[in-house]
Amino acid sequence: MLTRARDDVGWPALVLLLLLALAPLAVTGVSEQGILVVAMIYAVGAVGLDVLTGYSGQFSFGQFVYFAIGAYVMAAVRIHAHWPWVPAIIAGVVAAALVAAVIGSLFVRLRFFGSAVGTFFLGAVAVDLISGARLSHWTGGSNGLAVLPVTIGANSLSEGDWLYYTVWIALAVSVALCLRYTKVRAGMAARVVKENEVVAAVLGVRVFREKVRAQALAGAVAGLGGCMLALDVGYLSPDTFGISQSIELFAIVAVGGTGSIVGPVLGAVFFFSLVNGFASTSASASQLLFSLVVLAVVVLFNRGLYDLVEQAVRKLFALRRAPAATGAPEGPKTARAGDAPVAPDEQPVPAATAEDRPRQAPAGPPLLVLESIGVDFGGVRALGGVDLSVARGEVHAVIGPNGAGKTTLLNCISGIQPATGRVVLDGDDVTALPVSVRRGRGISRTFQHPSLVADLTARQNVEVGAYATHNGSALLEMAGLPGTRRRDRVARERAVAALELLDFPASRWGVHAGELTMGEQKHIDIARALANEPKLLLLDEPTAGLGEEEIDAVAGAIEGVRRAGVTVVVIAHHVGFVRRIADRCTVLDFGRVLTSGTAGDVLSDDQVVDVFVGAGGKS
Amino acid sequence: MGLALSVIVSGIAFGLLIGMLAFILVFLYKTTGVANFAVGNIGMFETFIVYELWKDGMGLWPAAGIGLVCSAVFGVLIYQVVLRPFGGSQANTLVRTVALFLLLAAMADVFFGRDQPYHFPSLLPSGGTKVGGVLLRWSDLITVGIVLVIVTGFVAMFRYTRTGLQFLAVAQRPETARLLGVRATRLSTIAYMLAGCLALLIGLLLAPKQLLFSQMMNPILLFAFAAAVVGGFTSLGGTFVGGIIIGVATDLVSTYLGSDLTLASALAIMLLTLAVRPNGLFGTAQVRRL
């Protein structure tokens, strides 16, 4: 259902819009053109719903609320305030966007499930309110509201070619806005949010705000669709904006294919051709057919129409170009998590250990100080008063058996996990700061399971992490002003620098993250954390699940990071790896610091060996 | 005051129906991991089947009995034919239930709906009794009784049967339960079978009060969602408490403020609950590992 989101649909969108622009030449019947008009009106809103669902991972089963707001506001300000129609449409769109932002910010907290139910609910409530007596001065209640005619010169925009092309322009505007959104920082950030909200927050993305932005954009274009609907029908009644329309709109997006912008337009044309093809028999029969088609698509072919068309076109081109295929990406690298030989813990110390390296004496005050950090998970003491001090420029390993609280400790430092005690970074108490702000102060981290956005390329994934801040107006971003472009360029340069620092092969930069090997994903995760030029890099098991060669590569990367002057706290199980990279080492056991010191001393400590080997060998 | 009390009493009876639908929602959510938008319409469609049987001259009780058997089969079919094949993500399943919601409404319109809405005969006696000036309808009292019996049945099943224990295990820790050999598909099939029967029961109790038509379940489905959220979406027992809260509150609102605010008040209660207690009254926070 939530298929791959695309940002390469510019050409298909253009082709489809041109086809729709030319359609009146081929489709001359008045009623057939009328069908296309309605399809395009739905498509105006469907494209926005796709932004919401396909790109930011949210749901809405109540999108017609915003159609209603657009339509009613436009009609009402013309009747009551005598506004000309252009400002009235703008008012409708802005009102829909504002309401969407407000309601969105309520529903955003409800997560995937709650927002689906909440929006569905809202759709029903809106119909009640529109038809009820309370707002009837503005909405006409259940009697409805006549839309004043809209004209340019002597031509009415409510009929014929004028209507068709007015609606077409609205669709073009909606598609252009939404396409633009998918390409700017806000759109990329939304896709990280869709993938994993916690990861997004750690990258400095303001999760809440990005979700609300997507809501507002979807609401705005739905409002525009509502204005067009008002032009088309000429008379607003509550039944036009019911839950079933909202659900149909969602079904249109699902059938067309989420995450493709173009798909929903296809879906809308398909839906209305189908429904009206059978309208002569009976309205409910065509509904039956449509719901059967939706179900069939969702069950059997859940990627939707767009994917189908795209694959067909690909095959066509592939046949043309046949043998001279461009350098296909070489198959995945051989080393896989499972089949790599597991390194014995007491393996011989590699030649270049941390001991041999020239070591600057920890200069000045420590970069990170933790004071009696404590975390309880409902009666289970995960961390019981951990004190830790990490010197500037060192690589500090945290080791310990499973369940010792290592990841929880990193979560406390990065702010994901509320804890008692104090976290002091560079002399500043950051304990009270939220996750995304800590990122801005210079704390970056990676995860045990690198949650990359599968449908962004390796390089784009790093770019999302490379923004110094995710503040700023999405509207300005979409306008592409010089300031924004400069900001994007800086992010790109930082991303490239991070990738180069890690020696990530440039031939793989353009590969979608979903197609990278585990080892490569771990590298990209580190690069993404590094791209923001942090003071402190937290690595959560960068070697877990990797083969010997890949572990070597990660160790090399960490050494590169260290040379670049970044302080590193790394969780690891692999003793050889720890010996190679760590300056100092802290052992956690049952949420307490067992011992702390130079890596060599700690690893030969009897107590530590006991915890590791005595507790059942490799943990 | 007498009016208010009567409203409250009928609100409680209606609230228990809401709670029962919410119970099905949560029960399915806990066993199959998805909120099923189609539950209401499943009940509506099954009620139509009973209505058709009755209209063709069958007695109401035999028709209801046959309807119950059909509902069990229907529930199994829905799971096996619509929801299980090529089982996808949570989002995919959610959309499947929405498509099913549309499909069942369209099917009811096409097959049965020519002259809807219909009057549906009541299985329960009419009339009532007055206790201290408060009108108690027999149908309300019997509804309360039926819900109590069903709840007791479920509690007994969860506590004393192997299958019931497996339901609890799946609800608590789906992955672990599966690893321990719980056959999830079988459980889900049973869950949908039970859900189908309960949905019919709700339809039979509800249809005489309002009317029988293809959209009849939409409001109560919304109330049930609100009740489930208020009760905490992970708590089976909480759904009935949530249902009663929603039932009484919406009854009071529609009596004293006007029916156009009924749904809005349920939505408001739901949002308020989420703002104050994000996991509902009885829900527990779900901890996620990174």
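Letters A, B, ... are given to chains in the order of the sequence lines, protein chains preceding strands, and every chain is numbered from 1.
- For the pair A:Ile247 and B:Phe101, the minimum side-chain heavy-atom distance is below 4.5 Å.
- Among B:Leu261, B:Thr262, B:Asn218, B:Asp109, the residue making the largest number of heavy-atom pairs under 4.5 Å with chain A is B:Leu261.
- Under the rule for a ring pair (Phe, Tyr, Trp, His ring centres under 6.0 Å), B:Phe213 has no partner lying at least two apart in sequence or in another chain.
- Judged by distance alone, the side chain of B:Asn92 and the main-chain N or O of A:Val299 form no donor-acceptor pair under 3.5 Å.
- Only the side chain of A:Phe61 comes within less than 4.5 Å of a heavy atom of chain B; its backbone N, CA, C and O stay farther away.
- Chosen from B:Leu222, B:Val110, B:Val82, the residue pairing most often with chain A at heavy-atom distances under 4.5 Å is B:Leu222.
- Under the rule for a salt bridge (charged side-chain N to carboxylate O under 4.0 Å, His left out), B:Asp251 has no partner lying at least two apart in sequence or in another chain.
- In this structure, CD on B:Gln215 lies 8.0 Å from CD1 on A:Ile243, to the nearest 0.5 angstrom.
- Of all the heavy atoms in B:Ala106 and A:Ser291, the pair that sits closest is CB-OG, 3.9 Å.
- Across A:Leu295 and B:Leu100, no two heavy atoms sit closer than the pair CD1-N, 4.2 Å.
- Contact annotation: the side chain of B:Phe37 approaches that of A:Val117 to within less than 4.5 Å [non-hydrogen atoms, C-beta and beyond].
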Step-by-step side-chain contact (heavy atoms from CB on, under 4.5 Å) determination, B:Leu103 to A:Phe290: CA-CA 8 Å; B:Leu103 180 67; A:Phe290 174 67; over 6 Å; no
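- Interface residue B:Ala226: backbone and side-chain heavy atoms are both found under 4.5 Å from chain A.
- Note: B:Phe225 and A:Phe121 fail the aromatic proximity criterion, with ring centroids not under 6.0 Å apart.
- B:Ala266 touches chain A through backbone and side chain together, each having a heavy atom under 4.5 Å away.
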